Structures are given as structure tokens and as C-alpha cells.
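Naming: A, B, ... by sequence-line order, numbering from 1 per chain. Just so you know, these numbers come straight off a predicted model, no measurement behind them.
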Amino acid sequence: MENTNLNNQVVNLTKEDFVCDQIVKWCPGCGDHAILKVLQDVFPQLGRRKEDICVVSGIGCSSRFPHYMNTYGFHSIHGRACAIATGVKLANPNLSVWVVSGDGDCTAIGGNHFIHAVRRNMDMNLLLFNNRIYGMTKGQFSPCTFRGTVTKTSPQGTYEDPFNVGELVIGAGGKFFARGVDVNTKELTDICLRAKNHDGMSVIEVLQNCMIFSNGVHENITGKDVRDDMQVKCEHGKPLIFGKERNKGLRLNGTTLEVVTIGENGITEKDILVHDEKEENTGIHMMLAHMMPPAFPVAIGVIRNVDAPTYDDCLTDVIERESAKSNIKTVDDLLNSGTTWDIK
Amino acid sequence: MENTNLNNQVVNLTKEDFVCDQIVKWCPGCGDHAILKVLQDVFPQLGRRKEDICVVSGIGCSSRFPHYMNTYGFHSIHGRACAIATGVKLANPNLSVWVVSGDGDCTAIGGNHFIHAVRRNMDMNLLLFNNRIYGMTKGQFSPCTFRGTVTKTSPQGTYEDPFNVGELVIGAGGKFFARGVDVNTKELTDICLRAKNHDGMSVIEVLQNCMIFSNGVHENITGKDVRDDMQVKCEHGKPLIFGKERNKGLRLNGTTLEVVTIGENGITEKDILVHDEKEENTGIHMMLAHMMPPAFPVAIGVIRNVDAPTYDDCLTDVIERESAKSNIKTVDDLLNSGTTWDIK
Amino acid sequence: MANRSKVVELEHVVIRFAGDSGDGMQLTGNLFSDSTALAGNDFATFPDYPGEIRPPQGTVSGVSGFQVHFGHKPVHTTGDLCDVLVAMNPASIKANMRWLKPGTTIIFDVDSMNDKALEKAGYTADPTQDDTLSQYKVVKAPITSMTLEALKDFGWDRKAMLKSKNMFALGIVMYLFNRDITMLNGYFNTKFKNKPEIIKANQTVVAAGYSYADTMEIFANTYRIEPANLAKGKYRDITGNVATAWGLMAAAERSGRQIFCGSYPITPATDILAELVKYKNLKVKAFQAEDEIAGICSSLGASFAGCLAVTTTSGPGLSLKSEALGLAVMTELPLVVVDVQRGGPSTGLPTKSEQSDLMQAIYGRNGDAPLIVLAARSSADCFYSAYEAAKLAMEHMTPVILLTEGALGNGSEILRIPRVADLPAIVPPIAKANDPDYQPYKRDEETLARQWALPGTEGLRHRISGLEKANGSGNLSLDPKNHQLMTELREEKVQRVANYIPEQEIVGDPNADLLVVSWGGTYGVVLSVVEKMLEEGKSVAHAHFRHIMPLPKNTAKVLSGHKKILVCENNNGQFVNYLREKMPDFKYEQYNKIQGLPFLTAELENKFNDLLK
Amino acid sequence: MANRSKVVELEHVVIRFAGDSGDGMQLTGNLFSDSTALAGNDFATFPDYPGEIRPPQGTVSGVSGFQVHFGHKPVHTTGDLCDVLVAMNPASIKANMRWLKPGTTIIFDVDSMNDKALEKAGYTADPTQDDTLSQYKVVKAPITSMTLEALKDFGWDRKAMLKSKNMFALGIVMYLFNRDITMLNGYFNTKFKNKPEIIKANQTVVAAGYSYADTMEIFANTYRIEPANLAKGKYRDITGNVATAWGLMAAAERSGRQIFCGSYPITPATDILAELVKYKNLKVKAFQAEDEIAGICSSLGASFAGCLAVTTTSGPGLSLKSEALGLAVMTELPLVVVDVQRGGPSTGLPTKSEQSDLMQAIYGRNGDAPLIVLAARSSADCFYSAYEAAKLAMEHMTPVILLTEGALGNGSEILRIPRVADLPAIVPPIAKANDPDYQPYKRDEETLARQWALPGTEGLRHRISGLEKANGSGNLSLDPKNHQLMTELREEKVQRVANYIPEQEIVGDPNADLLVVSWGGTYGVVLSVVEKMLEEGKSVAHAHFRHIMPLPKNTAKVLSGHKKILVCENNNGQFVNYLREKMPDFKYEQYNKIQGLPFLTAELENKFNDLLK
Ligand SMILES: Cc1ncc(C[n+]2csc(CCOP(=O)(O)OP(=O)(O)O)c2C)c(N)n1
Ligand SMILES: Cc1ncc(C[n+]2csc(CCOP(=O)(O)OP(=O)(O)O)c2C)c(N)n1
Ligand code: SF4
Ligand code: SF4
Ligand SMILES: [Mg+2]
Ligand SMILES: [Mg+2]
């Protein structure tokens, strides 16, 4: 949908077109800067006028995002980005709607709107900046903080397991889920473009580093020495192979996944699970989304990408169908319909 | 936890102990009546005094439940049962806390508290009466209503897919999920007792019939002629066999489940997937929860039952640990700690 | 069919049809009001459902009622005490004792009387035998048996035949009010199209009831209510909730904006959503959200994107919308919030009507967050109030809360059908593409409204937020002076709406000794009483407020010159407190009824007369 | 070390430490207040953080400040205009111009001055060279270079050494106020335990600063502030948010109830939660919920289960809690809601202080839903206000909203440490096991409170809900009269709290021409001005309200007998409107500052004098 332009004008934009005049106020070194650059790279590739893009966010460091994008933007209230964006999109389905949210904004206070937007398959693209902390309020744990983490509100360490965003999305009926890393800008750009091409709700979890309050929280995944062994890139139709030597892979053993080494115990590339992002059944995508170090690498890239009708298209269709078949064309018609009588 | 009694008294109660003096106001024929009977059967088997049980609900037909149980009860506001119950349980971990909620109460307005109670693994038992409709407000579609259903607020049929409660729970990190049918009271009783024995959050989805606004919505599962073919009973350690002739079964074929017939194409009982409710990995439980007619039977019974620390136990533990090791025993100690000075 | 009893002329009549939930009283009431329309009377109706979905049969809590108030004179209320009660079983009598007055005619199905029925109704003895009903005229009609008799040739089973009992009762009532029963045929023909047998049966039973009343001479006399002196035009019957939905749709059409309504079901507001979802044919976008917060937030998003945005709810839902309402105030976007008030606080009395969300509407947000508050005064007026709410929201770029009430929403009245083109024009301040002077918070000099720059429009890209921003540019601003300025501007913008609304009207002598003040759904009953007392030459006047925030410009003048001001409300004194605050130069007395029930004319009259002493 | 300049006695002093976010100004300020404590002065402090987490270095938005107001006389405020400003870079001067007054001493690190720094600060020219600062005494000290010099033998790298710049500045200030620098040793020893080198370095640099000031004779004179005449006892410095947490904990201990706090982080209230979570050792149950609604709902559940239940938030969070607050009113359960107010509406100015949630606290719920509203007046007073809020909630079985403000929460004051046993007893009406007369809604005759029957207790099983219920039995009830009764009882219960709170105090002549009214955090500044004017013999008095709903019984008396009543607030006039409503017999004037900043003494004084003319 989003690659057609309303007036069929040629749209030739560059990164600079999307840079805003506002001073970017994130901490130096914050992962958000990298993601901002990515979106400023992605937006010219949407094939849409700047006016046809709307960025919606809640509250949080991440949610400052709209102020820095030279499009229409709505920086709203904490947790409500998905609900507001739903209204924007339904009001004007021609807009390309991008939601930016933090792990707190999206999975704490905003959890309900998030799972419902996912369930309804609203045609929007959501970037969830997961720094596993409340950054803006200065470092309290979030629903994505790992068990045992000491934060301002968990001096003895947290005693609750975090959400796995991917599992939550798939559990809510999500059709598109991808995971990227703030500093892997090339990869993240690709993911965003894949999201744009997906009709329906696309959720991209970005592992984002908060320099100040959760610095290094993704280090066991993104660190230079570990990243090859701790990330497996999901590419549709390709075997899930990873590792510095590209000799490790994922195999489905009965009902569970396991990490195997190619060349050991008679394992060959053929034994490795081939990624199928189009698989309707949720089981295998859940398993992929679930993986965490140290036992497993983290799945990066598009994990799930399944087609389904979007809510906004359905609404448009019903409206067209109903308007075509009804005799009531105006409110005057309506007022005069049914039982009426005249007084003379 | 819940089978010990605080004062080690012998607790010998019967169904009648839990019947309240209030007139039951559900419609004649409503599935809620059957579930009420089930719980009045289950509660005497908890091994707890009536005083140690608390039933918490939100708003809806189903949420009238606490008024009909002769225990402590809190009939609260729409969608907040899980949040209120969390406070009740944390305040007094000795209580056996039962939450009763409707599909609207729990997955529409209450969705956020629901997924968070599940994630935290609060030691509570939740019964979600799923009639796939807002009963109390006279028949609007809920997040569990099937696509295309005509209701008061969907005269042209709904155009959104419902949540699958099991998938939502598992996606949120749920450790115990079971599914039962209102009228299968024996089975439901067993499920409730299993839930009671599970430490942590147990979610029981009860397929409940609303006589008035969604009558027959579960008919393709519970109908006399179809139920054997459309329900597969999940029993830990047993093969997932079903069907009137008990000759159908579920087989895992690569990454997906399939229905096979024992005796056809060389299939024997050995090929049938054996149910493992203790499997930590979420994939297979998702697939089981996901199944829907006509292609699949619906999984009934305890689908997932995995051990994990409960939030309330963890809190109790930290409190004990911290109080044991600290010198500050009173607020006076605290007031006088740190930097203080005397004025003479 | 002509009617042979003595005919008495009446000015107006209140009739209540009451029976068990399954007895079809809503249908009967609707049919009767249809014939009332054809008779040219003014009328208003009110359904009185039980709280439960299917309450126990035969009990008091299972009684379903439908009241029709009709008259030759303008009808301002759905009526209080009944002139006629149709009671299909003993429980229906018990449940409605509160609505009887000496002399009320009770048409009672004697066949329904038996020990079990009495017990279920909570009677220890037959009330028609002891002196329970001695003050009333009880007409005992064998409705059940006569219905069976009338249908005996249809070959139906008993259960099917009993479904027509209500038609027999209707026939009796048609006779009582000298109505031609053929008036009902139109309705039968539409409702039971393609079911000729049913039409036939209904007609048969109505006729049987009519003849029974006639032949048995059960009434000493019958009544005629002359046609009302209504303005010429085409009329319809409309409930407040439907009128609200249609008023909003009319405003959307007139302003050229699509309508978007994000709502979550809640009694008694659900019907507005249920009405709006029907009109996909008119491009109405109605979105049933996951909760009230998503309801208002999706609407605010839609407002940003250029829709006439609406969210509908009742008290508890309004509470949940508080935070997002603040965002609407801050982003200065148009938004109509309809609150169909019910009994509070908390879940309260969800099926009862009340006026107790006023203070929450005015003040229920963090910070200084002013917005427009309006209140509809009757079911039909919901149409115009909703229209005005939408007009003010869009033209002044601000959220508006429209207060209606359960009784208005569920009740119905006749509406003289307007032409949308005749309604006041609505001209939202939509920013022009590529306007070089566009600034998100630049304001209109007169209204102080900012412009509405719709996403998609070239050259108007901008970002809004709930943070404080600089007047004009709209950039985020921590500047202390700017915050004071913006706080004052937000207040002033709402206050200036007083320049765009009508002056406050007063009925009666502007210097009457007693000024009675009301707002919202108490309009009709207060006005009736005041009118009556004016006819009696009492020094009383009535000021009914539709515009609450801001108050009309001449409010102080209207309040001046009276010995006493009495504020009547169905709450614990909210408007009176608000007046004390905004119009501190006057002394107010208050009269508050908080019973989930409307004022009775008699109680008001007593109160007013007391104060005049 | 003794100090050789001429010593001048002062009554009180306001000093502000300002530097870049990384410059350690908060630490410096804290150290200075510690020494102020040892010097026996009364004092109050206020941190002034930048809005961003890590704002751009060297810019105005990156300036972090810490203000200390100390004196020989009682200190009521954190001070307005500064006597001394320590400025570690040009941006610190620019950012704080608003707080200077003619004659302010600016101690400035001249080494920080260079073109880049000027540009970042937004200066086009060196402000110490042109007449920008001509009204002030600028002391140019080479702080950076002298620090490096002092630490040269430590073998540290430059960056490490520069971290001690603030200690050099502190040394200068210690000299200026004739403080013995050994006073700081205690703090160094605790803070840097096991790091002797750091202690040594800090001591060295402080001493260097001190000697520099002494040797270079940079001040014409130095100051001494005599110890304050404080009541005997043990004291500590406490922020309002910590005091709130501790006050609640004290109430829990005194009442024998465990404390449960379900909250969601929000600026500026988060620190109360962050404080409570520390005290697992004291069995505090603090639960970080998924949102504000879960925060209050979990607390209400905990209240039902027998805890002293608390939820803490700021404006937007209070909005979200509206619906559940109604449930608390309806279930008549004790609950303390702390609202640390910030600039509104909506997200507003989250890091600024305001008093604009008052009306929402009083009225922000559907239905007639009265509850108790209290407001703390200073940081230390948060302890007592929180204690009283908890006492009233439990003893009267009702929710209580305690309003504090960002400035109180983050600011600190000295607290004379009370003994918990000396605080008023708290005796909640807990129902007795197996009480045959127990009824869920049976009420105490005096307070009208119902009893608290704790789950687990034998013989008291009962069910509560948000629906209306029969007085006494608590069974669900649709009875009209009962609803009126319960509505009135809920109101009356809150009104009767007036019998359990102190009478309203008045400072100054009870018949003064001008009565100044305030509430909340404006207490100190208003009182200071009134006290000053009283000394000047002006006819002025001050009534500061802690109890807002209900008002103290003698409120009308306090308001009587004045020519004018002026209500001063940091909002657009909320308390004044509330007074107009509740105390309609008086005329009120109002003075409102809505700038995210406290009143200045001078502006109040002008206003008061104007009104006295
Ligand atoms: C209703 C409401 N509750 C709480 C807050 C305070 N608050 C602002 S941002 C935030 C959390 C931000 O965390 P996240 O969404 O993860 O974003 P990040 O700052 O980490 O990017 C909170 C709790 C608020 N602004 N509004
Ligand atoms: C805040 C709020 N919003 C809406 C409602 C109206 N409401 C009451 S029950 C209900 C839905 C009930 O559906 P469900 O939870 O599925 O229960 P059921 O009646 O089907 O058992 C709704 C929307 C309410 N009471 N409060
Ligand atoms: S606090 Fe963390 S998330 Fe926020 S801007 Fe700074 S580094 Fe980024
Ligand atoms: S409406 Fe439906 S769910 Fe509610 S009581 Fe009746 S049958 Fe049961
Ligand atoms: Mg975060
Ligand atoms: Mg339901």
C-alpha cells in the first residue's frame, strides 16, 4: 500500500528531507541516535511524500522521536501511542503510520493497546526501543528487565521474569515480528523496509542501549566478541546457521530447538532448520523468538511475516460495500427514514 | 501452598458451606450456573477454611460470581480483577485467591493487568468465562468473538480476528494454562484442582455458553455429535488421541501439527505426540492452544503446567532475607539512621 | 370502529405498560406511541427495563415497563405518576405502586392471578381483594383467556398464542383512548412483512381487546386527547441516544469532515455506538476499542488526522478518559465526549439515571485544563446539543463534553425533522496547504482557536504533544512566562465561546420572586411545574442551562433581581456549587434528589411554593 | 582554621551552586548543607536539575543547580533570590540570572571562560567584561587551575583531577561563611570509606579553596550566621518525598498494619516508591505495577486484605486513578493517594512544580464521590501530612488524597526527629472475629465509618462491590431512598472528619485588614512575607490550609472580619474557587502564578501592600 503515492507524483527525497530543526536531546551515545538515522534513511525509500507520513509516540526518551522527524507527528501520552495511531490510520488510511515506543511505554502502561493493535492487524509499523529500562524517569525496571537486575526501584534485584516481546506479539496473534539492534543500522534499515512492505501491523523490536541506566544490557548479544555466536540471522528460506565459523545451526528435535555444530556428530547443513517466516502456525516462530543466551543465540531479522487482512482495509471495504448498496445517502435521508408522520 | 491450613485445623467442608444467601441472577440456562456449581464443589477440596479464600472479579455477568460464594469476595470494576487480586494476595499471601473474569473483562479492558499477572506468575487461579461476547451490556462483540460475527455493535459482522486466550497467556510467559467447558463439570472440577495445586498463576479458560447473546457459539466443539471429534483431552504423559473411535491423533510433522488416523497410512499409536505439560519451551503448547475446528480439535484440559518461582513467594523471601540481615528494625531506627545532629 | 362510551377530553395522559420481561411490553409501548403520533399528539416515552438480562420470571425485579406521556399541550417529560397502568401480572402492580396516584386506572390481567404468581411477586394476599388498591380504579380483564379464545382458530400451540396477550391489552387501551385500531396496521405490515398469519393474529387480538372493552363496558367513559398544536412539518419519534448519534452525523456532514467514534460499550451509552456502527453506508467510522482509554485516544488520533472525532461513554468511562482529555486540551484538537450519565459513584446504579458527573466534566483532569461543557435537556434535544457540541469543538478547536443522562438516552420524544442544510453552518479553521504563515499554535484573534492542519496536506508538517509549548510556534517550551500565558489562553479560549452561544433564556418574569434553575434532563419536569405555577399567577421563573462551561454572557443578569434562587438537580448539589463559584454574588438554595428517579411534579411544586411563602 | 576578614552577622542566606551536569553540584550542595546542620542553622535545600537526562554539555539547558537557604531565624522556604551564586561555567551564570538580585556575590570559575564556552552558553560577549553583571559582585576565581595545582602530587590524570573542582569552590564558600572545613570530614569518611586517597584529595582541594579565599582576600568581609534557635533534639535533613514515605511507614507501624504501596513511576513522585522499595527489612511491600491503574487497584486490593494501602503518583497518574478512586469511595476502604503535583495540564511541565491538581483531587470522579483532601506545606511537613493522611484514611475508612508538590518532594528541610510512639495513636475500626453483629456497612455512630473486616478472620466473610448497597447489610440495593441516604452518608462521613482535625490557625491579627490565604507548598514564602509585614506593623494575617476537604470547622470564623481576603496559589485559581463554593459568604481576591516557579517574596509583598492601600 504504502509505496504508491496518492497523486502519483514522483517522490524523490533524501535523508535531509526528514531532518527536523529541533535539537536532538538524547544523551550522547544513546542508541536512539542510531535508530533516528535509520529512519531518516528509510523514509525517503517509502515512496511517499513527507506529508503522507505520520509518526506517533507515547512518552519516554524513545517517544521524543516524532519531534526529530520532519513529517506529521504526534508525541502523545504514556502508553497510548498504539491507540492514537489506530485513530490516525483509520481516519486517513492513506497515511503511512509509524509508531515509536519504549519497552515501558509499549509493554507496561501501553500493553493493552499494543496487543490489541497487533491482534487487529492495523496497518502500522511499530518500533519498540527495548533498552529494558525506564530511561526518561531515570532508571526503574520495566516489564522487559531481566530477573535480578538492580535498578532504582529494585535495590535487591527484580524478582519477576520479563516479557519476551516477540512471544508476546505472536501470542497476541501478531503477523509480523522482527528484531534488530540499534547499532546494526544497515540490517535495521532492511528490516524497516520489510516492515513497510508488509500489509498489517509490523512490530520491530530494536535492542537499544541506554548509556545511562542499562548500559551494556545487550552486550552479551551485541558485543564484538560474542555477536557472531549470539545472533542468528533469520532469512526466509535460508538455514538458520550462525557462529564466527558459520558452523553452528538450529535444529528442531521433536518439540524443541537445539543448537548443533555442523561437522560434528554427523550433522550437515541439511539438518539445519530452514527459516520460514511465512509459516502460519505460531509454534516455530515462538521458539525462535524465545531463544536467549547463553544457551541459544538471539534471533535477529524478520522472524514472522504472515499475510492476513488488515483492520483498516476491512473497514474501508465494508464502508464501500455498504455505501454502494444503501439508499440512504445523507443524514437527511436518514432523518426521513422509518416511521415518520406529518403535521399540517 | 493452599492445601495447608494456617492453624493446622481440620477443615471439613461441603458444597453447602460455600453457597451464599444471595439470589443468583444469571439467566436461566446460562453456563455460569454450571461453573458456580463446579467451584462450590472445588472449594471444599482446597483444604482451606472458608475465611482463607477470597474471590475477586471485575464487571460482567461472570463477574457477579463473588456474590454467590460464601467466602471473602471483591466484585470490583471492569477489567481490574487481576490488579486488585494481586494486591489482595501480596497483602496476605496466606489467602487462596480466585479470580473470575469474562472474556471482555479479562482480554478487552483488563488485558494489561491480565498479561502482567501472568508474566509475574502471581500465585492466583483465574477462571476466564469465555462466551465470546459482552453479556452484561447486552451483546456487543468482544476481543474473543470470531471474525464475521454479527452482534449489536457489528451489524455487518466483525472484521477482526479474536485472541486465542491460550496463545495470549503463553505469549505473556504463562506457566499454567488449561481449557474446560462449562457443562463438563467433572472435567472442570479436575482442572480447578490441578490449578489449585499449581504454585503460580493458573489460567483456566472456560468455554461458557451465553444463552442470550452468543448461544451456541461453542456448539461446534461441545455439541453432542461433534464433541468427541472436536475435543482432544490433554493428559500429561499420554498420547493426544481423540475421536469417537479414539483412532485419531495429533502428530508433529516438522514444524507443524497434523491430525492423523491411527491405522491409516501405517500410522500407529507410537507416532502420536505424547502430551508433556511440563515442557518449558513454549512452541508445542502454542500449537496445541492454537488448534481450532474444523481442521483441528480443540485442546481441552491442562495444556501447560510449568514450574517457576511465584512473585508472591519471591517477595516474601526478600522481605525475610532483608529483615533478618538489617539492623534497622523500626521506623525510629530509620529516622535516626544516616546523618543526624543534635541541637542542645 | 367507533366507540360507544362517554368521551372525556383530556389535556395529557401518562400510561405505563408493565409486564414480565417476556410479555412484550416494549413492543406494546412502541405500538401505542406510533398510534399516538398518528393521532397528532405530542409525546415522550420511557422504557424501564429490569437490571438483569433475564431476571426471574414473575418477580418484581423481572418487570419490564414502557411509559408513554402524550398530550394536546407540549409534552416536556416522559411523565411521572400514571393515569393508566396496564399490568400483565401481580408483580407488575407491585413494581409500579410508586408510580400510581389516587384514581389511576389499572388494567389488570386477572388470569395471571394465582398463588404462585402472588408469591413470586412478594404478595401475601391478593392485592385486588384487600385494600391495597382501594385508591385506584382496577379494571380486571381476563386478558389471557380472551387471547386464547380469540386465536383458537389459528391452530397454534398455547405458548405461541400467549405471545399475543399484549395485543389484547393494547386493544383495550386503544378503546380507552378512542383510537382507531386500523392505525396499527401500518406498523404490523412493516414489522411482520411476509408473515401474513402473524399480522392477521395481531389484528385479531387487538380487535378482540377493543371489542371486549366496548362490549363489556368496562370503562365508565373513554378519553380523547385533541391533536397537539405542533408546528407544521414532518415528525418522527427518536430516543436520546439515537438523536445524539444523528446530531453528530449531521454535524460531520455539514462541516465536511468524516465522523470517527472510538468507544467502549457501557450502559447507558452503548446505544450511541450501536447506532453509529450501522451507518457504514454514510461513511461513519465507528471503532469499538479495547477500553475507554483506547476509545478516546483513537478518537484524538482521528481528530489530529482530520475527523470530527467523538467518544461516547458513561461515568466510569469518563473517569478513565481523564488523562487523554487533558491531552486534548493541550493539543487543542476538537473532540466531542458524550457522557450519558448514570447513578454513581463507581459502578453505582448503572441502569438508573443521574446528573452527578458534572463536576468531573468541568474539573476532572490534572492541571488547569478547561474545556466546553454542554448538557442536553431532552431526548430530542440530544440531536441539537450534539450538533452544537460538534460545532463548538471544531470551530473553537477544543474538546467538548456533552452531558446527557440515561433517562434521556433511553427515553424518546418526537422530533420535528430538520433539514441539515437549515442547521447552522460549521466552518472549522482548517489550515491551507503551503500557507507560509502557518504555525501550529498561531491563534485566531477572535476565538483564540489554533488552526487544524491535516496530515497529508502539503507544507503544514508539524508535531504536537502534551508538553507545554510556545504560543505561536508550538515548539516545546519551558519558559515560565509562556506557561502562564498558555494557561490563561486556554482558559480564555473557552471563556470566549460565550460570544458564540445564545444568551441564557428565562421563562416567566425576569424579576420573579423565585428563580428556579436547572440543567440537563430535569428541564421538562421543572418547566412543567413552573408553567403551571405561572398560570396560577405565582411569581416564579425558570432558567434552564444548556451551556455550563462557559456560562452564557448574561448569566449574572438572569440571576439578578430575585428574592430566591433555587437550583434543582439529580445529584448532591454540583451545579449549585459551580454557580456559587462562578457567580458568587448570589445566594442559592438547592433541591437535590439522588434516587435514580426523576423529580415528581408534585414534589417540585411543594418545594417552590414553600420558598414563595 | 580561623578566618581573617572582617566578619558580618547575617540573619539568613540563600546560596546556589550551579555548574554543568557533570560538575557535581548536587554533591557540593549536600556537603554544604551538612556543614550548615553542624553549624546549628535552620535550612532548606532545593535541587534544580535539567529536564534532560544528559543535556548538551556547557549549555544553559545543561546547568544543574542546588540551592541552600539557611539562617539564624526559622527558614520557611528554599529561598528565592540568591545572596551567593557559585557558577562553574558561563552557562551557569546565564541560566541563573533570574535568581540574582542587586549585590549578589557570584563566585565564578574564570578558567571556564573561553569562546566556545561563551557560545555554548549563548553569550555573544564575555558577561564578566561588559555590564551584564554590573549589579553584582563578581569574584573571579581560577578554580580549575588551582584545583589542578592542588592535586599535582597525586599522580592523577587531568580528567580525574577536574572532578574535584567543586571542592575548591566549596572551600571558598566555607571560608566565606566562616565554617571550619574539618566539619566536612565526617561526610568524606562515610562517603569514601576505604578510599583514603579520595578523602585526602577532597580535603586537600577544599583546603586549597579555603586558603585561596583567605590569602587572596577575595572577599571584603565574610559572614557568620548564628545558630538558629531550634528546639532541643536530634535533627536530620529530609526531602519531601522521603518524608512522605517515612510518614506513611510510621503510620503503618503505629497502627499495626503492614504498608502496601502499588505505584507506577512518574516524575516527580517516583522517589517515594524508590524510597519505599528499600525497606523490605521493615516489611514494606512496595509493588511497581504495570501502570497507574494497577497501582491503585493493587493497593485497594491490599486495603481490602488489611494493609495500610498507598499509591503515589503525579497529575497524569491521578487522572488515570479516577475510576478506581470511585471504587475506593464506594467500598469505603482506607487508601492514601499521594499526588506530587507538577506543571499541567497533560504532560505539561513534568519537571516543574505547580498546585493545579486541587480540583481534580476534590472532584475528579464520576458520581458524587467525596473523599478527604490534605496538602503538605513543606518538605519536612510531608512526614506529618502523610502520617495524618494515613490516620484519617484508616480511622474513617475512606480514601484520602494527599497533595504535595514537586518542589516539596525534591526539596529538603531539617526535621526534628520524632519518636513514633509520640505521634498520635492510630486505631482503625477493625472488626472482631465472629462478631455476631458484624455487618459490612454498619457504621460507627460518631465517625460514620464502617468496620474493616479482614479476609482470613473467622465469621466475617462478606462481599463488597462498586455497586450501590444497602446501608448496614451491604447487600446490593436498587432502593431509591437508600441511594439518597448512602450518597448523603458518604458526604457526611467526610464532613465529620472536621471533628477530628485541628481548628484552622491564623498568624497575625484575626481581624487584620488583609487575610492572606494559602495552601500547600506556598506556605513558607507567604508566611515569610506576612511575618515581615507584621514586624513592620501592617494589618495582615495569614491562614494556611492543610485540610481542604473537609475544611476545618472554624473556617468561616477565620475568614470573617477582614477587609480583604487574598488567596495565593500556583495555579489558575482553584482553591479560591473552592472557597467561593464552600464559604460563599466572603469575597475573595486572587493571586496566581503559573510559571513552574515559586512565588518571590518581593512580588507577594508588593501585592499585599497594594491591597492594603
Ligand atoms: C501516565 C504517566 N505515567 C507515568 C509517566 C512517567 N514516565 C514517563 S516515561 C516513562 C517510562 C519510559 O520508559 P520507556 O517507555 O521504556 O522509554 P525510554 O525512556 O526507556 O526510552 C514513565 C514511567 C508519565 N509520563 N505518564
Ligand atoms: C469502565 C467500564 N467500562 C465499561 C463498562 C460496561 N461493561 C460492563 S460488563 C462489560 C462487558 C462484559 O463482558 P464480559 O467480561 O465478557 O462478561 P460477560 O457479561 O460476558 O460474562 C462492559 C463493557 C463498565 N461497567 N465499566
Ligand atoms: S537516559 Fe538512556 S535512553 Fe534516555 S536518552 Fe539517555 S541514554 Fe538514551
Ligand atoms: S446474558 Fe448471557 S452470560 Fe449473561 S447471565 Fe444471561 S446467559 Fe449468562
Ligand atoms: Mg525503555
Ligand atoms: Mg463475555
Under a 4.5 Å heavy-atom criterion, the part of residues 270-281 of chain A in contact with chain B comprises L273(A), E279(A), N281(A)
More than 12 non-hydrogen atoms from neighbouring residues, nucleotides or ligands closer than 6.0 Å to NZ on K329(A), yes or no? yes
Hits for side-chain contact (heavy atoms from CB on, under 4.5 Å) against A83(B), two or more places apart or cross-chain, chain-then-number order -> H113(B), A294(D), C297(D)
Rounded to the nearest 0.5 Å, the OG1 atom of T282(B) sits from the NE2 atom of H290(A) at a distance of 5.5 Å
For M287(B) and I284(A), the nearest pair of non-hydrogen atoms, with its separation, is CE-N, 4.1 Å
If you tally heavy-atom pairs under 4.5 Å between each of C314(B), G171(B), G254(B) and chain A, the highest tally belongs to G171(B)
Rounded to the nearest 0.5 Å, the CG atom of L168(A) sits from the CD1 atom of I170(B) at a distance of 13.0 Å
Across all chains, not counting sequence neighbours, the side-chain contact (heavy atoms from CB on, under 4.5 Å) partners of T153(B) are Q140(B), F141(B), T151(B), L273(C), A274(C), Q288(C)
(request) Evaluate whether atom CD of E269(A) has more than 12 neighbouring non-hydrogen atoms of other residues, nucleotides or ligands under 6.0 angstrom away. (result) no
With chain B, the option among A172(A), P143(A), G111(A) that has the most non-hydrogen atom pairs under 4.5 Å is P143(A)
Those residues at least two apart in sequence (or on a different chain) that pass side-chain contact (heavy atoms from CB on, under 4.5 Å) with P293(A) are N220(A), I221(A), M230(A), V298(A)
| said: Please check this pair: side chain of N121(A) against backbone of E160(B), looking for a donor-acceptor N/O pair closer than 3.5 Å. | reply: no
Should the ring pair Y311(A) and Y159(B) be called parallel, tilted or perpendicular, given that the plane angle runs from 0 to 90° and is split at 30 and 60? tilted
Scored by heavy-atom pairs under 4.5 Å with chain B, the best of A289(A), G110(A), G166(A), A108(A) is A108(A)
If one checks every heavy atom of L252(B) against chain A at 4.5 Å, the contacting part turns out to be side chain
Counting heavy-atom pairs under 4.5 Å with chain B, the top scorer among T256(A), V118(A), D317(A) is T256(A)
Output for pair (H285(B) NE2, T255(A) OG1), nearest 0.5 Å, gives 8.0 Å
Okay, P162(B) and chain A: the region with an atom under 4.5 Å from a heavy atom over there is backbone
Nearest heavy-atom contact between G283(A) and M286(B) is CA-CB, 4.4 Å
Greatest number of non-hydrogen atom pairs under 4.5 angstrom with chain B, of I109(A), V169(A), I115(A), L257(A), falls to I115(A)
Heavy-atom nearest pair, H116(A) first then F163(B), reads CE1-CE1, 3.4 Å
